[in-house]
Amino acid sequence: MKNKISKDITNSLKKLKLKYNDNFKVEIPNDPEHGDFSSNAALINAKLNKMNPREMAQKMAEALQKKRDYKKVEVAGPGFLNFTMSNSFYHKFLIKIHNAKEEWGSSNYGQKKKILIEFVSANPTGPLNVVSARAAAYGDTMYRIMNFLGYEPFREFYVNDAGNQVDILAESVELRYRELHGDKIDEFPSEAYHGEYVKDLAAKLNAAEGSKLLHYSEKDRLEKMKNFALEELHKMQLESLQKFGVDFENWMSEKKLRQEGILEEALSYLAEAKCTYENDDAVWFCSSKFGDEKDRVLIKSDGNPTYFVPDIAYHLTKYQRGFDTMIDVLGPDHHGYVPRLKAAIQALGLDVNKLEVVYLQHVNLFSGGKQVKMSKRAGKIVTMDEVIDEVGKDAARYFFIDRRPSSHLNFDLELAKSASNENPVYYIQYAHARISSIRKKAKKAKINLKNFDTKLLRKLTLNEETELIKKMIEFPNILQGIANAREPHRLATYTHELAGMFHKYYSKYPIINEKNPELSKARLYLILTLQTVIRIALKLMGISAPDKM
RNA sequence: GCGCCAAUAGCUCAGCUGGAUAGAGCAACGGAUUUCUAAUCCGUAGGUCAGGGGUUCGAAUCCCUUUUGGCGUGCCA
């Protein structure tokens, strides 16, 4: 839409033999008085032609006026061009949207670019928490939108199933298991995992294996416990995510990377590039050469790799798999670590620009206005499951993507529960449900769109009707903007606005009026198209679109 | 100390990457229901866009600076 107008503007400039650069913009003005679209083309290019912006705009307006699609083209303010489209233009567009059905907004915009979206990637040492829930909603919505726009997105979860933290997990299970067999644990170590789920894991293991494990060597026993706990926790996380409507194409295991020797591969590449050195019995990476604030340890003096090495290896595999863009969705506590990761990628001779990092800010959980303090070690966490169970999948998904990724998210559980009727997600779903019941009424009144004559759309002359069509025309652009900026919250805002426009229209004008079947048909055509757009938007957000509420 | 993110209505947040008189929802107050669902709608009130400077036709948006808050700054992950 905007593209079409841009093209017309460019053509008019060529015709008038004016100099221009095409970084001008075509926008939808806030104030309807300023027309349906406006452009700053004359403002930007006036200097180039040594003209007064208004004078230049005037010439352009006269040239553009000749086109049939424009009802009028006006010059306003310091030299804006304001376009008002003709009604018939909008009606043509409405037909286009209607015929596109569930595909409106879909395109090959992404040109099949392969996009890896890595998100959640929570440690397999406990149930998923609310931060993971935010990441899950974010990553999955991005995936759905990019998929819809003709990218080839790929969802991946990186499982840190090796290293220190899983050893601690095994020891934590061991202690709880011993408790079940009568051992008194005076003081549960502070670094161990304290959550109730550890006790559950021990009990489940005990039910399966009994006291048998006590006769294993300590090493074998811990290994057994580690594998058991990892498997169980993975199942738990998988279940939570599925309940949330989030799937992954791949779960990448750190353990597997280690077994396949990718760590060594990455290390050897770094050594070949002469980016490693030994100091104090440890192996270091010269990340400061690539802009990191200091060098980092790769191999600790005890001979074990730091967590950094598997991360380098993991990113190496991302590059080896040939993605055009790789997006890491990280929590805010990881931003200090990205410079060293990017340094490693540069040292490996890879294109660092293909890696993009999105930081999601914290989720502050409130209960009745009071902040809930969460601590994994102390076992005080609010899990993703608890949130979903309390507020429902639909509301939870909406809440978690409703905000800009870079802003903190305050989530009040009590409020989300008690005020669920004022919840924006219900407002949107209600619009969808209302249209379904209008459809029912239309059926009873024998008003339908069989053999619909599109000439009837001429009956749609209300301002509200034009505004609704305009809003739907915007939809594909909204989606493209979301894909470019990686900001799915714009879809939540858009859909909320669209639903609001419908509610206002609905309460002001009757859709079905048996005395005026022609107008009724035209309006039915409009709102059924609208309903489809709402349904597409909800689907992209992973939210259900009910016919009844 | 250094680095990252933020600061917009009483509260929670948008503001389409520089456009015209800064917008929603909640909360407050006043109204609308013999009607296609009132989970809705209409109206009133609410602002020094944290402060100061700069860039230009034009700034909530970009740059500098000050203030405030969150996070990071391990041979933890």
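Every heavy atom of this structure was used, including side-chain atoms; hydrogens, water molecules and symmetry mates were not. Letters go in sequence order (proteins before strands), and every chain restarts at 1.
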| note | Nucleotide by nucleotide, nucleotides 2-9 of chain B touches protein heavy atoms under 4.0 Å in the pattern (B base, S sugar-phosphate only, - none) -BBSSS--

| Below 4.0 Å: OP1/OP2 of C16(B) and any side-chain N or O of Lys471(A) | no

| query | Taking the inter-plane angle between the rings of Trp284(A) and Tyr277(A) on a 0 to 90° scale, is it parallel (under 30°), tilted (30 to 60°) or perpendicular (over 60°)? | reply | parallel

| query | What orientation do Tyr337(A) and His334(A) show, parallel under 30°, tilted 30 to 60°, or perpendicular over 60°? | reply | perpendicular

| said: Ring-plane angle category for His408(A) and His362(A), please: parallel below 30°, perpendicular beyond 60°, tilted otherwise. | reply: tilted

| Nucleotide nearest Tyr307(A) when distance is taken to its side chain, options C36(B), A77(B), C13(B) | A77(B)

So which protein nitrogen or oxygen atoms get under 3.5 Å of nucleotides 54-58 of chain B's nitrogens or oxygens?
from   : atom 1 : to       : atom 2 : distance (Å)
C57(B) : OP1    : Lys47(A) : NZ     : 2.8

| Residues, nucleotides or ligands: over 12 heavy atoms within 6.0 Å of Glu514(A) CD | no

| said: Would you measure the distance from the P atom in C42(B) across to the matching atom in G3(B) and give it in whole Å? | reply: 49 Å

| Distance between C1' atoms of A77(B) and U68(B) (Å, rounded) | 31 Å

| remark: What one should report as the nearest heavy-atom pair of Ala485(A) and Arg490(A) is CB-NH2, 3.4 Å

| request: When you get a sec, tell me which of C41(B), A77(B), G74(B) is the closest nucleotide to the side chain of Ser507(A)? | output: C41(B)

| message | Any base atoms under 4.0 Å from His334(A), or only sugar-phosphate, or nothing? Heavy atoms, all strands. | response | base

| query | Between G18(B) and Asn40(A), is there an OP1 or OP2 to side-chain N/O distance shorter than 4.0 Å? | reply | no

| When all nucleic acid strands are considered with a 4.0 Å heavy-atom cut-off, which category describes Ala433(A): base, sugar-phosphate, or nothing? | base

| said: For a quick check of understanding: with a heavy-atom distance under 4.0 Å over all strands, which category does Thr493(A) fall into, base, sugar-phosphate or nothing? | reply: sugar-phosphate

| task | Fit a plane to each ring of Phe452(A) and Tyr525(A), take the angle between them on a 0 to 90° scale, and name the class: parallel (under 30°), tilted (30 to 60°) or perpendicular (over 60°). | result | parallel

| message | Would Phe80(A) count as stacking on A20(B) if stacking means ring centres less than 5.5 angstrom apart and planes tilted under 30 degrees? | response | yes

| Whole-Å distance between C36(B) C1' and Lys444(A) NZ? | 10 Å

| Across the strands shown, which category fits Asp402(A) at heavy-atom distances under 4.0 angstrom: base, sugar-phosphate, nothing? | nothing

| OP1 or OP2 of C36(B) less than 4.0 angstrom from a side-chain nitrogen or oxygen of Tyr505(A), does that happen here? | no

| said: Closest approach to the side chain of His496(A), judged atom by atom: which nucleotide of A39(B), G19(B), A24(B) is it? | reply: A24(B)

| Heavy-atom pair with the smallest gap, counting every atom of Gln237(A) and Asn123(A) | NE2-O, 3.2 Å

| said: As a test of reading the structure: which of G19(B), A20(B), G74(B) is closest to the side chain of Lys294(A), going by heavy atoms? | reply: G74(B)

| request: Would you please indicate if the ring centroids of Tyr427(A) and His496(A) are separated by under 6.0 Å? | output: yes

| message | Roughly how many Å apart are G23(B) and G30(B), using the C1' atom of each and rounding to a whole number? | response | 23 Å

| request: Output the single nucleotide from C75(B), C36(B), C41(B) whose closest atom is nearest the side chain of Ile512(A). | output: C36(B)

| query | Checking all strands, does Phe24(A) fall into the base, sugar-phosphate, or nothing category for heavy-atom contacts under 4.0 angstrom? | reply | nothing

| OP1 or OP2 of G15(B) under 4.0 Å from side-chain N/O of His489(A) | yes

| task | Using the ring of Phe285(A) (Phe, Tyr or Trp, six-membered ring only), decide whether Arg340(A) places NZ or CZ under 6.0 Å from its centre and within 45 degrees of its axis. | result | no

| query | Using a cut-off of 4.0 Å on non-hydrogen atoms, how would the nucleic acid contact of Asp161(A) be classed: base, sugar-phosphate, or nothing? | reply | nothing

| request: For Pro53(A), answer base if it contacts any base atom (sugar-phosphate contacts may also be present), sugar-phosphate if it contacts only those atoms, and nothing otherwise; contact means non-hydrogen atoms under 4.0 Å. | output: nothing

| message | The side chain of Arg490(A) is closest to which nucleotide in this list: C75(B), G15(B), C36(B)? | response | G15(B)

| request: Please check if the distance between the ring centroids of Tyr138(A) and Phe400(A) is under 6.0 Å. | output: no

| field | From A14(B), U73(B), C36(B), nucleotide with atom closest to Arg403(A) side chain | value | A14(B)

| task | Take the protein atom OH of Tyr398(A) and the nucleotide atom C1' of U12(B), then report the distance between them rounded to whole Å. | result | 12 Å

| query | Is Lys25(A) touching bases, backbone alone, or none of the nucleic acid, heavy atoms closer than 4.0 Å? | reply | sugar-phosphate

| Atom CD of Glu474(A) and atom C1' of G15(B): how far apart are they, to the nearest Å? | 13 Å

| Does the pair Glu518(A)/Lys521(A) count as a salt bridge with the N-to-O cut at 4.0 Å? | no

| message | Under a 3.5 Å threshold, yes or no: a donor from one side chain and an acceptor from the other, between Arg404(A) and Gln361(A)? | response | no

| request: May I ask you to say what Phe308(A) touches in the nucleic acid, namely base, sugar-phosphate or nothing, with a heavy-atom cut-off under 4.0 Å? | output: nothing

| field | Integer-rounded Å distance: C42(B) C1' and Lys504(A) NZ | value | 10 Å

